[in-house]
Amino acid sequence: MDMKTLSLVVALAPLAGAILAGLFGRRIGRTGAHVVCILGVLAAFVASCALFAAVQTGSVLEETVYTWMQVGRLKIEVGFLIDPLSVLMMLVVTFVSLMVHVYTIGYMADDPGYQRFFSYISLFTFSMLMLVMSNNFMQLFFGWEAVGLVSYLLIGFWYERPTAIHANLKAFLVNRVGDFGFLLGIGLVAAYAGTLNYHEFFHQLQDAQTPWLGAMLPGTDWSLVTVICICLFIGAMGKSAQVPLHVWLPDSMEGPTPISALIHAATMVTAGIFMVARMSAVFELSDAALSFILIIGATTALFMGFLGIVQTDIKRVVAYSTLSQLGYMTVALGASAYSEALFHLMTHAFFKALLFLGAGSVIIGLHHDQDMRNMGGLWRYMPVTWMTSLIGSLALIGFPFFSGFYSKDSIIEAVGASSLYGAGYAYFCVLAGVFVTAFYSFRMYFLVFHGKERFGYAHGGVDHAGEEAHVHGIAPGQKPHESPWVVTVPLVLLAIPSVLIGFYTFEPLLAGDWLNSVADVIRVSDQHVAQHETLHDAVEMGLHGFTALPFLLALAGVVLAAVLYLGMPAVPGRIAGMFRPITALLENKYFFDRFNEIVFAGGARALGNGLWWAGDRGVIDGVGVNGSAKLVGWVARGTRLLQTGHLYQYAFGMIVGLCVLLLLLFHVR
């Protein structure tokens, strides 16, 4: 097949599976639904591998498939751009999605919405593929909104739960804020560049004579390019959950675990990182925008990691880990280290999907109990889940030779070499984040798999914050059990790249220039050059990692977690009591939700009430509707006084009127 045909297979095969499972799910049954969806994603993965092989030989596809409309010079098109960046994303999305599809067979086995769920996750995969394969802003925006729509459906999949409905509505509203900025950025590109096509847009960026590059936004002294970059990045802040638009992501845990893995690992949350990397040519024109990205990413990386320390829900710990790691990717983008950001996106997809699916396996084994205070000692009963979760945790903390090590340490080095405003703050955050990540990761690991068994009986203790533990999901006398093979096989298949993918792709993706040709970067930053000059082969970097500061910080975090949660389990509660104000701040998630409820939600309600009182009730009803009715009544009452029924009064009125007319005529002459 040629590249265009393969691209159509990648895009349309998951869509076909979604349509068949969604519209004909009752006819084809549960088995038929998961077969067509898995075959669709499998076909997309195989076609992505074929496109990857073609791109490695130097082939690139940039072609319009269909022109929807044309307004003047502006074309609205559907097209594909298959280059190193898009094919990397396609491989990650299709492989992780395939593992999630297989895993879902076991996790959702007893759910009455089985066919509907498979339809949704296949549609989710199609939407993300359309996003990463697009060659223009309009198709990018279509995929952008489509993943948002399907995530809304999946987060609220168990719609009978009020918490799920609240969570999906929260995700929808927060992303609308980011999407508004994103749409403004696209509108500015269309207005000033006159095109939505990437290739044409980048061609204008290469032309130093392009008049709009140095223009100011009308009515302000703001650089137009900076405004475009910040507007586009606001969209990325919503999709990739950067502070302060991060609040929707932890609540998305209300959806089933497979979709938590799909949203957090390979699809929706990586869309913003991908978009900024794709637009690297324009972001390189604005130091102000890069500094803004750097500071936002650093804040997210460190302060969202702190929140993982106080969580007791196993899925929420992994969720806050996702927020922190997205912050690392964003920091890399701000430091102009686009290859490093994409490399971490790729490695993170595998070990984060592994951690989420491992958490789901634990939840299955404990009869859907998610509270870590009700676990402990599970390594005896769930050996496959235990070992794969250890691998995922080591990759997450950046243990040398694991995949996360190569990508995370490369980001830290790039930020340390940066000279942009805010780089010092960012470097401190990403270094401190290494310790925090190791601590909350192994806190979770030790609480779940080691220590005292706390399941199967009423737990009378308290957690680190002094709150009573919840009732267990597993009945007294029962023991946890390992998950079925449809759950454990995806865990093993994800554990393999979590260990090896960083080692084997380090040289082509970072030490080489495989991703550097994605967009023509006009100003290659000094820090980016310095970063690449320090890169060595994978073995040398791995050995050096054992003596580097990030490894020592990660080791300190693991040791502290072991001491507190295995050696002295009563101490964390005492520490929490001693620092109660800080604990309350973390447990309330820095009061972001409360602030949004009071300021934004409360402000919107107050504005709506004011408009209703003054506008609807006062102007429209009071003046327009009721006022006009009252005016007619007044006129009617006045004219009624003249309608007496006496003929001589009417004759007198006619004479008076005739006299008035004669006077007017005489006056005119």
Side-chain angles (χ1 to χ4, degrees), residues 88-89 91-100 103 121 124 128 151 239-242 246 249-250 252-253 255-274 300-301 304-305 307-308 311 313-330 332 341-363 385 388-399 402-408 411 433-434 436-438 440-442 444-445 448 490-502:
L88 174 68
M89 294 295 297
L91 284 172
V92 171
V93 170
T94 52
F95 178 75
V96 174
S97 178
L98 181 61
M99 296 299 99
V100 170
Y103 178 94
I121 59 175
F124 203 174
M128 189 64 188
S151 69
K239 277 290 181 288
S240 295
Q242 298 297 291
H246 67 283
L249 194 59
S252 69
M253 297 300 96
T257 296
I259 194 52
S260 300
L262 202 55
I263 288 178
H264 286 241
T267 53
M268 184 171 173
V269 296
T270 60
I273 308 299
F274 164 80
T300 305
M304 294 301 104
L307 297 184
Q311 300 302 311
D313 185 311
I314 185 173
K315 286 173 63 177
R316 285 185 178 265
V317 176
V318 187
Y320 281 108
S321 167
T322 299
L323 284 171
S324 180
Q325 297 308 303
L326 288 169
Y328 275 88
M329 299 175 208
T330 304
L342 294 168
F343 189 41
H344 194 51
L345 185 156
M346 184 265 293
T347 60
H348 173 264
F350 295 111
F351 62 74
K352 187 50 60 67
L354 173 61
L355 287 171
F356 264 114
L357 299 187
S361 179
V362 169
I363 293 169
T385 304
T388 53
S389 296
L390 176 61
I391 291 171
S393 298
L394 290 173
L396 173 61
I397 70 171
F399 194 85
F402 283 74
S403 61
F405 160 75
Y406 291 100
S407 56
K408 184 184 285 188
I411 290 174
V434 173
V436 174
T437 300
Y440 70 67
S441 297
F442 274 84
M444 177 182 72
Y445 179 75
V448 172
L491 292 179
V492 173
L493 294 178
L494 285 168
I496 294 171
S498 296
V499 177
L500 302 176
I501 196 73

Practice problem: First locate atom CD1 of I273, then atom CG of L342, and finally report the distance between them rounded to the nearest 0.5 Å. | Solution: 8.5 Å
Practice problem: Tell me, please, which residues at least two apart from T347 pass side chain to side chain donor-acceptor pair (under 3.5 Å). | Solution: S407
Quiz item: Quick one: does L326's side chain get under 4.5 Å of L249's, heavy atoms only?
Solution: yes
Quiz prompt | Least distance between heavy atoms, A438 atom then I397 atom | solution = CA-CG2, 3.5 Å
Practice problem: Rounded to the nearest 0.5 Å, what's the gap from NZ on K239 to OG1 on T270? Could you check? | Solution: 11.5 Å
Exercise. Could you grab the distance from atom CD1 of I496 to atom OG of S403, nearest 0.5 Å is fine?
Key: 12.5 Å
Self-check item: Residues forming a ring pair (Phe, Tyr, Trp, His ring centres under 6.0 Å) with H246, sequence neighbours excluded
Solution: F592
Quiz prompt | Test ring pair (Phe, Tyr, Trp, His ring centres under 6.0 Å) applied to F124 - qualifying residues, sequence neighbours left out | solution = none
Quiz item: Do L354 and M99 touch side chain to side chain, with heavy atoms closer than 4.5 Å?
Solution: no
Quiz item: Hey, are the side chains of F356 and M253 touching, using non-hydrogen atoms and a 4.5 Å cut-off?
Solution: yes
Exercise. Could I get the full list of side chain to side chain contact (heavy atoms under 4.5 Å, CB included) partners for S361, not counting sequence neighbours?
Key: M382, T385, E482, S483, V487, L491
Practice problem: Work out which heavy atom in P497 is nearest to a heavy atom in F95; give both atom names and the distance. | Solution: CG-CE2, 4.3 Å
Quiz item: Is there a donor-acceptor pair under 3.5 Å between the side chain of T322 and the backbone N or O of V318?
Solution: yes
Quiz item: Do Y328 and V434 have side-chain heavy atoms sitting under 4.5 Å apart?
Solution: yes
Self-check item: Residues which pass side chain to side chain contact (heavy atoms under 4.5 Å, CB included) with L390, listed by chain and number, not counting sequence neighbours
Solution: M387, L394, F442, Y445
Quiz prompt | Qualifying residues under ring pair (Phe, Tyr, Trp, His ring centres under 6.0 Å), relative to F351, sequence neighbours excluded | solution = H348
Exercise. Could you grab the distance from atom CE of M329 to atom CD of Q242, nearest 0.5 Å is fine?
Key: 9.5 Å
Practice problem: Return the minimal non-hydrogen interatomic distance between A332 and I411, and the atom names on each side. | Solution: CB-CG1, 3.8 Å
Exercise. Return yes if some donor-acceptor pair links the side-chain N/O of T300 with the main-chain N/O of S324 below 3.5 Å, else return no.
Key: no
Exercise. Output the distance between atom CG (L396) and atom OG (S441), rounded to the nearest 0.5 Å.
Key: 4.0 Å
Quiz prompt | Qualifying residue for side-chain hydrogen bond (donor to acceptor under 3.5 Å, both in side chains) with S321, from K352, R316, Q311 | solution = K352
Quiz item: Which pair of heavy atoms, one from I391 and one from S498, lies closest together, and at what distance?
Solution: CG2-CB, 4.1 Å
Quiz item: Are any of the side-chain heavy atoms of V436 and Y440 separated by less than 4.5 Å?
Solution: yes
Quiz item: Quick one: does L355's side chain get under 4.5 Å of S393's, heavy atoms only?
Solution: yes
Practice problem: Applying side chain to side chain contact (heavy atoms under 4.5 Å, CB included), name anything that partners I363, two or more places apart in sequence or on another chain. | Solution: Y107, T257, I314, K315, H368, Q370
Quiz item: For Q325, which residues count as a side chain to side chain donor-acceptor pair (under 3.5 Å) partner, sequence neighbours excluded?
Solution: H344
Quiz item: How many angstroms lie between CG in L88 and CZ in F343, if you round to the nearest 0.5 Å?
Solution: 10.0 Å
